[in-house]
Structures are given as C-alpha cells and as structure tokens.
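Here the structure is laid out as structure tokens; the discussion comes afterwards.
To find a chain, count down the sequence lines: A is the first, B the second, and so on, and within it residues start at 1.
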Amino acid sequence: MKANNETNFFEWVYEIVRQIPEGRVTSYGAIARALGTAGSSRMVGYAMRAAHRANPPIPAHRVVNRIGVLSGKMAFGSPSLMQQLLENEGVEVVDDKVVNFSAVFWDPQEVISL
DNA sequence: ATCGTGACAAGGC
DNA sequence: AGCCTTGCCACGA
C-alpha cells in the first residue's frame, strides 16, 4: 500500500501499461514519449520494476525495450516467466526477443487522451 | 538537499 | 556491423 497518491509519473506509466491490448507490446521510449517525458525512458523501466508493488498488478511483460528485447524479464522472479506470459498471449518470443516486433507493437499514444 | 542508480535511447568510434 | 560512451529524469537512501 502506498501513500494517498503515488508519484504521478509512475501512476501514468501504470495506466498506459494497463491499456496495452493482449498480444501487443510497447517500448519504454514510446511510453515516455506519450507521457511527455521522452527523455525519461529509463524511468519507465524503473517504474516497471516497481510495478510489482502496484495495484492492480501491471502487465509489465508487455513492455519491452525499443528492439523488442525482454530486458526486464529478470524482474519477474523467473527469467522465463515474462516470455511465457507473452507466448501465452500469442506473442512469439525467440531468444528473449519479440518476433515481428513492429507487427505487435502498440502505440500508447492511442490512449494517452485519457 | 545531495549522490548514485536504473526493465532505455541515440550517437560515435 | 558491433561495441562503447553520454544524456535524461525521477526515485531511494
């Protein structure tokens, strides 16, 4: 449980990640850009790392880096968990990388107009 | 308040 | 074509 209102930045990141459709993925930079803080792409990843304590849980497995690599798979407790979750949604993952990344890529800008 | 760090991104060598 | 360095912004101690 966190304080009344967590850092807005994290909150917004969680909001966007939660809007990611099933079987789709997005990049940290895209989310950061959608938030208006394109330079804080790292913060997005940082937020993801803290997402495990967010409520409700965040589908962080749908967030990968710009090349479609499951950079934060280790944050899931099991390195293979993230990949399993993605494959379970229909996202092909080979060598910790999303197959056809451009095809499954989802632009957070579509829901940034919340 | 300051220092260090981090699931990234882009440019340079 | 691949590896390395720098930039950015927010959070934790």
Base dC8(C) to side chain Arg42(A), donor-acceptor N/O within 3.5 Å cut-off: yes
Checking Arg33(A) side chain against Ala38(A) main chain: does a donor-acceptor pair fall under 3.5 Å? no
Taking only Lys NZ, Arg NE, NH1 and NH2, and the carboxylate oxygens of Asp or Glu, determine whether Glu89(A) and Arg24(A) approach each other closer than 4.0 Å. no
Can you say whether a donor on the side chain of Ser41(A) sits under 3.5 Å from an acceptor on the base of dC8(B), or the other way round? yes
Around Arg49(A), counting heavy atoms of other residues, nucleotides and ligands shown, do more than 12 lie under 6.0 Å from its CZ? no
Does the side chain of Met43(A) come within less than 4.5 Å of Phe9(A)'s, by heavy atoms? yes
Heavy atoms only, 4.0 Å cut-off, all strands: where does Val63(A) land among base, sugar-phosphate and nothing? base
Return the value, rounded to whole Å, for the distance between atom CH2 of Trp12(A) and atom C1' of dC9(C). 14 Å
Regarding dA7(B), can its base be found pairing with the side chain of Tyr28(A) as donor and acceptor, where the two atoms are less than 3.5 Å apart? yes
What is the separation between atom CZ on Phe10(A) and atom P on dG6(B), rounded to the nearest whole Å? 13 Å
Could you tell me whether the side chain of Ser71(A) and the main chain of Val69(A) form a donor-acceptor pair under 3.5 Å? yes
Would one find a side-chain N or O of Arg53(A) under 4.0 angstrom from OP1 or OP2 of dG12(C)? yes
Interatomic distance where CZ belongs to Phe101(A) and C1' belongs to dA9(B) [whole Å]: 13 Å
So what does Ala51(A) touch, heavy atoms closer than 4.0 Å: a base, only the sugar-phosphate, or nothing? nothing
Rounded interatomic separation in angstrom, taking CZ from Arg33(A) and C1' from dC9(C): 15 Å
Between CD1 of Ile31(A) and C1' of dA9(B) the distance, given in whole Å, is 14 Å
Length of the line joining Tyr46(A):OH and dG12(C):P, which is rounded to integer Å: 6 Å
Leu86(A) CG - dA7(B) P separation (whole Å): 18 Å
Between P on dG4(B) and CE on Met43(A), what's the gap in Å once rounded to a whole number? 16 Å
Under 4.0 Å, heavy atoms only, any strand: does Arg66(A) hit a base, just the sugar-phosphate, or nothing? sugar-phosphate
Checking all strands, does Met82(A) fall into the base, sugar-phosphate, or nothing category for heavy-atom contacts under 4.0 angstrom? base
